[in-house]
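Everything on this sheet refers to the single structure shown next.
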Amino acid sequence: MSSILKRVLEIVSDILIEREYEISLLISTLLSEGHALVEGVPGIAKTLTAKTIARLFDLSFKRIQMTPDLLPSDILGSYVYNQKTGEFVLRKGPIFANIILVDEINRGSPRTQSALLEAMQERQVTIEGETLPLEEPFMVIATQNPLEFEGVFPLPEAQLDRFLVKISSTYPSTEGFIKIMSKIDEIEERARSLKPIISREELLAHMRDAKSVRVDESIYKYVADIVEATRKHPSVRLGGSPRAGIAMIKLARSMAYIEGRNYVIPDDIKRIAKAVMSHRIIIKSEYEVEGVTPEKIIDQILSKTPIPKP
Amino acid sequence: MTTQLSRSLTLTLLLSWILLAFQIVALVQAENVYEERHTIGFPENMSITTPLNISLKDLNNILSSLKDLQELTSSCSNIECLRETLSRNTSILDSLRRKEIIGSDVYTGIEIIMNSNTPDLYSYVGDSELRSLIENLNRSDLETFYLLFNQYSSRIDEMYLSGRISSREYLAALELLKRISLEKNAYNISNTLSERELELVRVMLDKTYSDILAKAMGIAMRNTSGNINIPSSVGGVRFSSLNSLNSQSVHLITPGVPISSIMLLVLLAILAALSISIIALMILGFNPIKNIISRVITSRSLKIETMYSLPLPIKLYWAAVRILSRRIPRSDSETHREYLMRVVRARGEIKAFERLTRVYELSRYGGVSSSALDEEAIKSFDELSKNERR
């Protein structure tokens, strides 16, 4: 059992200030073969976070800036005519990488979003009738700015469900901000000179091992109680789906794994509940205007749901 | 679950408080009704409100007002003094005004003496002869006034005593004559008239008082003239004896407060004190109900038969939780790590419980089962229970 998080956090703590929880969630998502949606304002090191993870695990990294005129073929790739050989050759799109940062996913047209999200789900793309598997591991880190409403195409609920976690990235504290400003040159240098700590093959082995983490029967019951409580809550229009429960178990297993445990405890579920559930819950509009948020509902449910006994 | 139970209990307490308050209000209301309908010595089914069509309570209030007025009147030697006294005691006038139907004679009489408007006073004088007598006196010079006054005065008294004019007409006439005499500077006459006015008011008051009392007691008083020549006895009851009665003699004796009311009041006081204490504790951040429930739940929720089948570290962990939750109650939604953190925050470092929690976690969620783990659990539990006994 390897304490991956400990090693990663030691390295990245000087590069990504006050991002420990986000890093642990992203690594757990990677180990769970999931995708992450990072919600946050521009300028809070979302790209740097994604790049850092890719480098630490010796993975290929691509960045896609979504715009309304971006076509599915711009992401997936297309066949182009080679005049020398007189044949059509495949030019792979940026989707063919291990870690893909899709910046401002809600700026892309629904058609392009659908193509991307389908690739995320299937882990393969079909170009001109030819099905091509995507690289392993494959993880999409999509970002969106919660404050923008114009010129954007909000992701439908069904597509949001494809993301294993939603991470709400916030500004650093004043102390953290001062530290970033005073050490920016050093941070940039360290980020540039980052060396992988484990190979791609080792990472794939860890991903397999993470699946063997023990989940007690009572933990499944606990997760089921939480997910069902979101559906029964009076302020909720759409609660958690079975996929949400599965996502919780997968992520909790990975969380336990990166902490060096081979079993899941209720604390793991509590730690990841908001990240897994918040984008899957839709609040009734009358409660939304009163300031009820999915995060508040989850807090309420967690404070009421009994933990497994004895 | 603890929070829900805590809320339910608090709500129940609040509801009991409200229900009890309602019960008290209803009881007080019922006693008021009882008070109005009955008095000591009367059969419960006998209504004494019939003759005057008012309740005994209202009758009592009317008689009290009249008694107050009688006292004010007796303390004055002339009508001016009474006028001044009444203007200082407006509450009595207001009270009489409210009971106008009952004490109409007295009320009108008071209106006359309080009225400074001469044309209004003339309006009370309906008898044409009386009016012409007054106008003659008004028109005469001082000498003629003195000559005519004695003659006219005797005639006016005669008209009143014969029942031709009412008390209020008589009083209005006396007041007008007094004003005329003052205008003509006949002060001795005005003083005499003032005394007569006061005397008349006194008699009117006595008569009204007796009249009301007699009617209230169901005695039909026949007084055709409606003036002061009232009969000495009516229906076998001497009027003077009625007049000597005061409102205190028919004062209501409140029925004894039933023991149930006292008990309800005591219960209400206890509940109020309890509620205030709980609210105060809640404001201070301590929820006593929740804590009590937590303790009960912790001690009861794990059934003995379930405990027998569990691995030793799990059994000992819950036994330790039961001991610790006496001081630091554990919530149902709290994980073992969260509870450990809270115990450490509240009590400082408790190594034994930290070890026991770790062993419990390994056994409960990790599925680890070994004699080393059991030994560690026993050792930690022994240490913890010894420390707790100290």
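All chains are named by letter (A, B, ...) in the order of the sequence lines, taking the proteins before the strands, and each is independently numbered beginning at 1.
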Check your understanding: What closest approach, in Å, do A/S303 and B/S333 show between heavy atoms, and which atom pair accounts for it?
Key -> O-OG, 2.8 Å
**Study point:** Enclosure of A/E295 CD (heavy-atom neighbours >12, cutoff 6.0 Å)
**Key:** yes
Study note, to complete from the structure: Turns out that what part of A/V264 lies under 4.5 Å from chain B's heavy atoms comes down to backbone
Practice item. Look at atom CZ of A/F177 and say whether more than 12 heavy atoms of other residues, nucleotides or ligands are closer to it than 6.0 Å. Key: no
Point to revise | B/E334 portion near chain A, given a 4.5 angstrom heavy-atom threshold | key: backbone
Exercise for review: Report, as yes or no, whether the 6.0 Å neighbourhood of atom NZ on A/K284 holds more than 12 heavy atoms from other residues, nucleotides or ligands.
Suggested key: yes
**Study point:** From CZ (B/R337) to CZ (A/R271), nearest 0.5 Å
**Key:** 9.0 Å
**Study point:** Interface moiety of A/L302 toward chain B, non-hydrogen atoms closer than 4.5 Å
**Key:** backbone
Point to revise | Neighbourhood of chain A inside residues 350-366 of chain B, taking heavy atoms under 4.5 Å as contact | key: B/Y360, B/E361, B/L362, B/R364, B/Y365, B/G366
Check your understanding: Between A/I307 and B/H336, is a side-chain contact (heavy atoms from CB on, under 4.5 Å) present by the stated rule, with each step listed?
Key -> CA-CA 9 Å; A/I307 61 127; B/H336 56 283; 5.6 Å; no
Practice item. Using a cut-off of 6.0 Å, state whether more than 12 heavy atoms not belonging to A/E217 lie near its atom CD. Key: no
